[in-house]
Amino acid sequence: MDAKPYLVTENYYPKDEHFDEVLNMLKETSEMIKEQDGALMSMSLKAEKKNGPITGFSMWESREKFTAFMKSEHMEKIMKTGLA
């Protein structure tokens with residue numbers, strides 16, 4: 001039996017003056033995540049409504065692949081950005 005994909009979402013509510021900066025950091029992070037073992041997709045979704053949240057969305061082959069990523073050097077880099 002194949003494992004079901006594991007979905008991860010996070011919502012960010014940046015202040016107006018930091019909105020573009022946070023969105024750009026999330027886009028960069030999504031590009032890096034797409035290259036990780038077990039990542040099926042990663043994207044940052046901007047709300048249509050002004051001051052709405054930015055949603056980070058990623059899908060993984062399994063919870064185990066996501067957990068391994070969370071312990072990786074790449075995750076350390078994300079932690080240093082202050083996003084995680």
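All values below were derived from every heavy atom in this structure, side-chain atoms included, with hydrogens, water molecules and symmetry-related copies excluded.
Considering only residues two or more places apart in sequence or on other chains, Lys49 meets the side-chain contact (heavy atoms from CB on, under 4.5 Å) condition with none of them. In this structure, Glu28 has no side-chain contact (heavy atoms from CB on, under 4.5 Å) partners at least two apart in sequence or on a different chain.
Counting heavy-atom neighbours within 6.0 Å of Lys46 NZ, excluding the residue itself, gives a total of 12 or less.
The hydrophobic clustering, which links ILVMFWY residues whose side-chain heavy atoms are closer than 4.5 Å, places Phe69 and Val8 together. Residues Leu45 and Met25 are members of separate hydrophobic clusters, defined by side-chain heavy-atom contacts under 4.5 angstrom among Ile, Leu, Val, Met, Phe, Trp and Tyr. Cluster annotation: Met43 and Leu23 are assigned to distinct hydrophobic clusters (Ile/Leu/Val/Met/Phe/Trp/Tyr, side-chain heavy-atom contacts under 4.5 Å, transitive). Clustering ILVMFWY residues whenever any of their side-chain heavy atoms sit less than 4.5 angstrom apart, transitively, puts Met70 in the very cluster that holds Met32.
Using modelled atom types and a 3.5 Å distance limit, the side chains of Ser44 and Ser30 yield a donor-acceptor pair. No side-chain N or O of Trp60 forms a donor-acceptor pair with one of Ser62 less than 3.5 Å apart.
Interatomic distance, Lys34 NZ to Leu40 CG, rounded to the nearest 0.5 Å: 12.5 Å. The line from CD of Glu61 to CG of Asp37 is 6.5 Å long, rounded to the nearest 0.5 Å.
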Working for side-chain contact (heavy atoms from CB on, under 4.5 Å), residues Phe57 and Glu10:
CA-CA 7 Å; Phe57 169 92; Glu10 298 175 304; over 6 Å; no

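Using a distance-only test at 3.5 Å, with no hydrogens or angles considered, no donor-acceptor pair links the side chain of Glu31 to the main chain of Lys27.
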